[in-house]
Each structure stands twice: as C-alpha cells, then as structure tokens.
2 protein chains.
Amino acid sequence: MEIQIKKIAAIIGEPIRSLVLWTLLDSRAYTSLELAIVAETSPQNMSMHLAKLLEANLLHVDKQGRHRYYRLASAEVAFAVEAISTLIPDIKRKNITDNNTDVTYCRTCYDHLAGKIGVLITESLVNKNFLQLKANNHYDITAEGELFFNSIDIDIENLRQKKRILAKTCLDWSERKYHLSGALGQALLDKMLHEDLIRKKKNSRAIIITHKGEIALRERFDLKL
Amino acid sequence: MEIQIKKIAAIIGEPIRSLVLWTLLDSRAYTSLELAIVAETSPQNMSMHLAKLLEANLLHVDKQGRHRYYRLASAEVAFAVEAISTLIPDIKRKNITDNNTDVTYCRTCYDHLAGKIGVLITESLVNKNFLQLKANNHYDITAEGELFFNSIDIDIENLRQKKRILAKTCLDWSERKYHLSGALGQALLDKMLHEDLIRKKKNSRAIIITHKGEIALRERFDLKL
DNA sequence: TTAATAGTTCAATCTGGAATTAACAATGGA
DNA sequence: TCCATTGTTAATTCCAGATTGAACTATTAA
C-alpha cells in the first residue's frame, strides 16, 4: 500500500503531468499535440508523459484516424485533481471574493455540471420529483422526470441503452453536496451547451451563464440567480 | 493557477513526502524521527522534506520540549490524500472482497470516525434527533442530543468553548455520504478509543471494533453489525 | 506515389532536487 | 556541569527521470 501511494503520487507529481490532468479536468478530450502546446514542451516529451499516465490508468485514449484523443480515465481521477487543487494557497480567499465567475460557482466536473449551479439544478430536479435518490448513490428517474427530460429533448430511453450508469451522485468539493453525474449528467451539460444556455470559458472549467440561460434556468428549474 | 497546481503536485508527489502524508492520515501526530524511521530515510533528509511540506502549508507542527510533533494542517489535506489513494490500482476490488477489516469499513478520517461505521453512527444520531443538519453543512445539537452526549460523558458545553467548529459534515470517499466531524466528531472518537470500544490498528487508519464496542454500538446507536 | 501531418520509440544527454556528510542548536536528565 | 537525544541547516555529491535528437509508423490529402 505504501509503495502504491508513492507510485501514484510520483506519477501525478511531475509538473507536466499534473498540468495535463488539470487541463483535462474540463471534460474535453485533447490530442497529444494540443497538450504539448499547453504544457510548452515537445511532442516527444508529451508522448512519454502520456504513456506513463495511461499506464497508471489515469487517462483513457480514443484513436480516431491519425489523432489520439486523451481524456481522464474516470471521475475518481477528476475528483483527486480537484482535491489537490483545494490545497493551492489563496484559492479559498479567491473563491470567496470574486464570485459568480469562479469555479466554485459554476463549472464542469469531469463531464457534467458542478459548482453551486450544478448542485442547485440537481436539488431542483429532486424537489420536483423528477429524480429520486436511491441506495448506492444512484438516482431513479421518475415517470414525471422522464416526461420532463423528453420535453427538453433528452431521450432517456436512448441513454438507457448506453453501458454507462444513467444517473448517480457526484460529490462537489466546493459545495460539499451532491450534484448529478452519469449519462444523464453528461447529456444535460451537452444539451445546455448546445442550446447556448451556458458557455465554457477557454482554458478553465469555469462556465458562463448566458442571458438565455438565466431565463431557462428560472423557467425550468425555478432558479433565480 | 497552472503554476500553482504544478507546485503543489510536485510537493505531494515526492515518494517520501507522500508517504509522510499517508502516515499522518491516521490523525496522530508524529515526530521527525518517527517519520524518518517509517519512511526509511535519514533524519536530515526527513527534516528537509518536512520543511517543504510545512512551507506549502500541508503540515502543522507543535513544539513540545525538544520534540516537534507533525500533523496534517487541515481536513483538506486529508481529503486530497484520500482522493489520491482511490487511484491506487486494485483498491476497489480489495475493498469489496476483504470487508470488515479494511479502511472502507471502519477507519479514521483526519481526527474523527469515518467509513461505513462513521456514516452509520452519524445517520443514527440524526435519526434519533440528537443532531440536525443545517445550512452550511453544520450540525445543530438538539436539547435531547446534549443530554445524550452528556450521558456518555462528552461535555458539550466544554466543547463549545473551543475555537473549533462544534459539529459539521465531512464527506466520506468510500461511502460517499456524510459523517460527523468537528470538535464533537473528535470528542466522540476519543471517547470510543478511551472506552476501548474501538482500537486503532498500527500503521493503518483501519479501526477494529471490540466486543465491548459491538454491544455499545447496538445499545447507543441501534447498530447491529 | 509523394508529401505532410500526427504521433511514437529509442538511444544519448542533462539536470533539478533528493540524499549524504558534517557541523551546529536546543532541550532535559544525571 | 556534562553529555545524550532530538532536530535543523548548509555544502556537496549523485542519480532517477526528464529532456532532446534522430529515426520510425500510420493516416490523410493531393
């Protein structure tokens, strides 16, 4: 066990590799070259680092033609990176002072919505009895819920076909409450991005809520911001 | 921000330092020499590593005579180390197979009880209306609760005098539910150790429930194991 | 078929930071 | 007082692991 923790820590601890993990935290998949540019190093070097991250099962890679898209291997990895980021000096103070644009307010976690907004939306879905929290930290989608999601063009039946868990809780490090993850969490984020209710900020996991988004959040989830 | 994450990751990532953090996770304070022995390195070298951990605000040190007692600086640090430990290969499988003795079942988190037992006790306290979950993830101690804690020799009024937050939630990485932390969480752990209801395993955060403990858990918290 | 792009692999080098050596400060007991 | 113990600091050495350079494969487009 001690040897294991040393190994994993050493893998995460290398500056370039930690930056890669940090970069991938926005749920996007990046190519090797893109990551090399972000980390300001050579493609060969990045390739070596990515190989180590893959070997430690921290990353997952999709081959598509001559491209290879790297992304985090699991929510646990995202969780660990988030936890490490809370140790950055001054981050707490920052989070308190500049609200509404920072990552504690509205951000992505892995591939779904997190932060205050993510938690509020999830709570709203539960309050409206669209979701029910079950054992094992899974959510059941109620009959009403299925109607609701279909009404905003998220096909639950289609999501059920996927291998991935449909809806489960994910702990939020800033709010310390649950937010929605799983296939439904991802679908909801995709939908909101696609409808331009929210926009991803470049090189950050922070998310901006558009004016259109404010209205939709009020109408659909009773959230007034 | 990117530079910051690299720095913190590099501090945590060094094998000896990660082992120190891992060791301190059992909430005990260790001296420099003890840590050097655990990590199988020289006192000078350990001293250098401890200085770096201190400088990064990951550790806290108490001077007592010629001894210096090192412990984790905050629950955030414990949380990050726990999160990293979930990335160790096979840990999930292990946790499932050898139950009742491993750290997911019963362990300490920083300075209070965690794992399945920690969560169950907390839920029991809430169900019996001894604790009430409030906003900001704090617990209120009810009048009945105060009587209960006093009856098992935990002086709530005394705990109130302390600067520390009395009772708040702490997220459990294995159970993914809340358990009790804060001054009350610490007092409860101390009390249970002192009464020999539970015992700390050496070099581990795992905790053993004694026979006496089983009986007390059933009587006080309606927990049958 | 050729050229360009994306990405990896392997050997050779280089270097930051850990480990070592030595000296020193502070506490407490005899 | 002396000396053993705990612990730090400062200077030097050393090495694991990152970086670099060159050669290679695979895919796409012209």
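In what follows, chains carry the letters A, B, and so on, assigned in the order in which the sequence lines appear, proteins first and then strands, with residues in each chain numbered from 1. Below, each value reflects all heavy atoms present in this structure, side chains not excepted, and no hydrogens, waters or symmetry copies.
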- Message: I'd like to know if the side chain of A/Thr210 reaches the main chain of A/Leu197, judged simply by a donor and an acceptor atom lying under 3.5 Å from each other, with no hydrogens or angles considered.
- Response: yes
- Message: Please check this pair: side chain of B/Arg17 against backbone of B/Ile11, looking for a donor-acceptor N/O pair closer than 3.5 Å.
- Response: yes
Considering only side-chain heavy atoms of [X], which listed nucleotide, [options], is closest?
{"X": "B/Ser47", "options": "D/dT9, D/dT19, C/dT8", "answer": "D/dT9"}
{"X": "B/Ser32", "options": "C/dT20, D/dG7, D/dA18", "answer": "D/dG7"}
{"X": "A/Arg68", "options": "D/dT8, C/dG7, D/dT20", "answer": "C/dG7"}
{"X": "A/Ser42", "options": "C/dT8, D/dT20, C/dA19", "answer": "D/dT20"}
{"X": "A/His49", "options": "C/dG17, C/dG7, D/dA18", "answer": "D/dA18"}
{"X": "B/Gln44", "options": "C/dT8, C/dT20, D/dA18", "answer": "C/dT20"}
{"X": "B/Arg66", "options": "D/dA18, D/dG7, C/dT27", "answer": "C/dT27"}

d([atom1], [X]; [atom2], [N]) in whole Å:
{"X": "A/Leu35", "N": "C/dA6", "atom1": "CG", "atom2": "P", "answer": "14 Å"}
{"X": "A/Glu34", "N": "C/dG7", "atom1": "CD", "atom2": "C1'", "answer": "13 Å"}
{"X": "A/Arg17", "N": "D/dG17", "atom1": "CZ", "atom2": "C1'", "answer": "9 Å"}
{"X": "B/Leu19", "N": "C/dA18", "atom1": "CG", "atom2": "C1'", "answer": "15 Å"}

What is the nucleic acid contact for [X], judged by heavy atoms within less than 4.0 Å: base, sugar-phosphate only, or nothing?
{"X": "A/Tyr70", "answer": "sugar-phosphate"}
{"X": "A/Lys63", "answer": "nothing"}
{"X": "B/Met46", "answer": "nothing"}
{"X": "B/Glu14", "answer": "sugar-phosphate"}
{"X": "B/Thr41", "answer": "nothing"}

May I ask you to say whether [X] pairs ionically with [Y], meaning some side-chain N is under 4.0 Å from a carboxylate O?
{"X": "A/Lys7", "Y": "A/Glu55", "value": "no"}
{"X": "B/Glu195", "Y": "B/Arg220", "value": "yes"}
{"X": "B/Asp153", "Y": "B/Lys191", "value": "yes"}

